[in-house]
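Note sheet for the following structure.
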2 protein chains.
Amino acid sequence: MPTITDVAKHAGVSMKTVSRVLNREAHVRPALRARVEESVRALGYRPNLAARQLAGNRSFIIAYPFNNPSAAYITDVLMGAARACGERGYHLVSEPIDLDDQATQVLDRLITTLRPDGIMLTPPLCDMALIVNHIAKFDIPLVRIAGRPDLFGESIIIDDREVSEQMMAHLISEGHRRIGFITPHPDHSLAQGRYQGYLQGLKTAGIAVEAELIRPGLFDVESGADAARALLELREPPTAIFAANDDMALGALQVAHSRNLNIPGDIAIAGFDDSPASRLAWPALTTVRQPMQLLGASAARLLLGEELDLDPIQYELIIRGSTSASGY
Amino acid sequence: MPTITDVAKHAGVSMKTVSRVLNREAHVRPALRARVEESVRALGYRPNLAARQLAGNRSFIIAYPFNNPSAAYITDVLMGAARACGERGYHLVSEPIDLDDQATQVLDRLITTLRPDGIMLTPPLCDMALIVNHIAKFDIPLVRIAGRPDLFGESIIIDDREVSEQMMAHLISEGHRRIGFITPHPDHSLAQGRYQGYLQGLKTAGIAVEAELIRPGLFDVESGADAARALLELREPPTAIFAANDDMALGALQVAHSRNLNIPGDIAIAGFDDSPASRLAWPALTTVRQPMQLLGASAARLLLGEELDLDPIQYELIIRGSTSASGY
DNA sequence: TTGAAAGCGCTAACAA
DNA sequence: TTGTTAGCGCTTTCAA
């Protein structure tokens, strides 16, 4: 493997000049820069990460400790972030964190041995004060995706409310007036926007809020199924159920099937996340697609010091057969 | 951050002795060893990875380049491997590889800048000669999970056949004689065992193989749906369909639902993988659980030079409602 | 069994 | 704008 010294010799310049070219520093004459670049190519030179880390006191590593609520969510974020890192000469190291007493120890090890230049976090970790405060101690840049803004680090705030309102508008346009809602996990602070959107959607349509139509959820299948059972057993059951995530919606779907209800004829069901399972359900689930790869990439870019215009973070309402006979 | 020099001073020994203790080398007197360990604890010393890499010419990194056929599969492997790495002072770097013309370039960058001490691969990458041969050039230890044994690197061979036979035995015990099969993706060499198991299962039960009951699959929902349609339109359709993976089985399930068939009464459906969606389907899908976390951990341990007894790699037949009224 | 010295490949600080 | 020098924190080699 050629080293920076080899390149310097080949190009007839000093090591430092090569270093400057590699690091895209200013103050290098174009002619020299070109010569160095040519030598790099000719020799197939690749900088040694370890040496750069040691000398430069940066690791070129972004860490993504995650806890696994949903595999698809994680891999999407990871893929977006890893690509953004790769394009900028960085690497992404992702490590699973169990939510037990050892969580901070694993974090410690990750941080102190790898010395990442930045850390990114997604729910649920990004809303856990224990985790976030622990990271804060190390004074490493932190970006949290969809986390509450009152903790250490930068938050990529997303607005679940508006698209949730759109979902309500869709359901209402399908003729529903009694719409049940299964709430987000209480610890997932930004997801509360989905609830706000539900309320706002009713309000816009001039439909009164009915407490009995709102049931607590914990983002898992079981709580969705429980909530659906309760809703369907009401004296006057809803004709549609909007669950704050797909897993709960799929739980509701199972309950509906088990009662031989016709979907969406007897009961329409909608979720949130566009999980792989939502596509594979029968009928396929109406849901909301979040741009997780984009969010992952944005988090990485923020950590690498880029300015972002986060305006175009687009949610997408995906209408499928579970709420609409004309859906696919 | 304390360095190894600080520890040496604190313990009153040389740097080299501290190094020896940290690396668990022989030839250190227990008394000294204890003294050093005490100092390490007292100072909260953590070795600097970059320095170790540079001096020692090992990176303490295992790379896991993946292509994403299924998020759950990837994260399971990743979690298993990352934990195994962590326990041994290693780190796992996973990077998505697109199957385009740049695949080898991304690999190159990963290998030459990170210099991983080992690489692990899962399907489909582990069966792609282009990828594997490229890695072979670098002379880095490679472990492939569920890959064909004729390429570079060590393979963790898994036997899909036996559990597939068990699946057939289950279906036959439920009274089925005409059982349709949707084949594995032809490029996934080890998964062909699922097909062999199907054939063997028929043979054991003394049921003749019928070509019309065997349909080609590509591991995606669409091919599963297509195959199911073809099967259901036979003059004498099967009473059960065994798909070589869950996605295809879920495609078949959708087709069955769209024809208002009763499941499992009119048609029983079984898959393979125990994907999250298989649990969430209605009825929940009978399938096979593979120990992906264990396989991920095994791959990492192999790369780190441990001897493994891979006997206890256990498949599990998961019987659910899609094949059995008494399933859950 | 322990220690001293050299050096891994790069960048920071400074000098020219 | 370019080059020189020192040194990042550890392991290797070799000597004691």
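Reckoned from all heavy atoms, side chains included, excluding hydrogens, waters and symmetry mates.
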Problem - Distance test, side-chain N/O of A:Thr17 to OP1/OP2 of D:dG3, below 4.0 Å - result: yes
Handout entry: Between P of C:dT1 and CZ of B:Arg35, the distance in whole Å
Key = 16 Å
Exercise for the section: Can you label the angle between the A:His188 ring and the A:Phe219 ring as parallel, tilted or perpendicular, going by 30° and 60°? Expected result: perpendicular
Exercise for the section: Specify the angle, to 10°, made by the local axes at the two ends of the helix from C:dT1-D:dA16 to C:dA16-D:dT1 when five pairs are taken at each end. Expected result: 30°
Completion exercise
With sequence neighbours left out, the residues meeting side-chain contact (heavy atoms from CB on, under 4.5 Å) with B:Arg83 are A:Pro96, A:Asp98, B:Met79, B:Gln293
Practice task
Figure out the CG/P separation between B:Leu49 and D:dC8, and round it to whole Å.
Solution key: 18 Å
Exercise for the section: If a pair satisfies ring-ring contact (aromatic ring centres under 6.0 Å, His included) and one of its residues is in residues 123-142 of chain B, list it, with sequence neighbours excluded. Expected result: B:His134-B:Phe138
Handout entry: Donor-acceptor pair between B:Tyr315 and B:Asp160 side chains, under 3.5 angstrom
Key = yes
Problem - Footprint string (nucleotides 9-16 of chain C, 5' to 3'): B base within contact, S backbone only, - free, heavy atoms under 4.0 Å - result: BBBBB---
Handout entry: Check ion pair B:Arg35-B:Glu38 (N to O, under 4.0 angstrom)
Key = no
Completion exercise
One should read off an interatomic distance between A:Asn133 CG and A:Leu151 CG, to the nearest 0.5 angstrom, of 6.5 Å
Can you list, pair by pair, the side-chain donor-acceptor contacts under 3.5 Å of residues 124-131 of chain B, counting residues two or more places apart and other chains?
unit_1, atom_1, unit_2, atom_2, d
B:Asp127, OD1, B:Arg148, N, 2.8
B:Asp127, OD2, B:Ser189, N, 3.3

Practice task
Could you list all the ring-ring contact (aromatic ring centres under 6.0 Å, His included) pairs where at least one residue sits in residues 73-105 of chain A, not counting sequence neighbours?
Solution key: A:Phe60-A:Tyr90
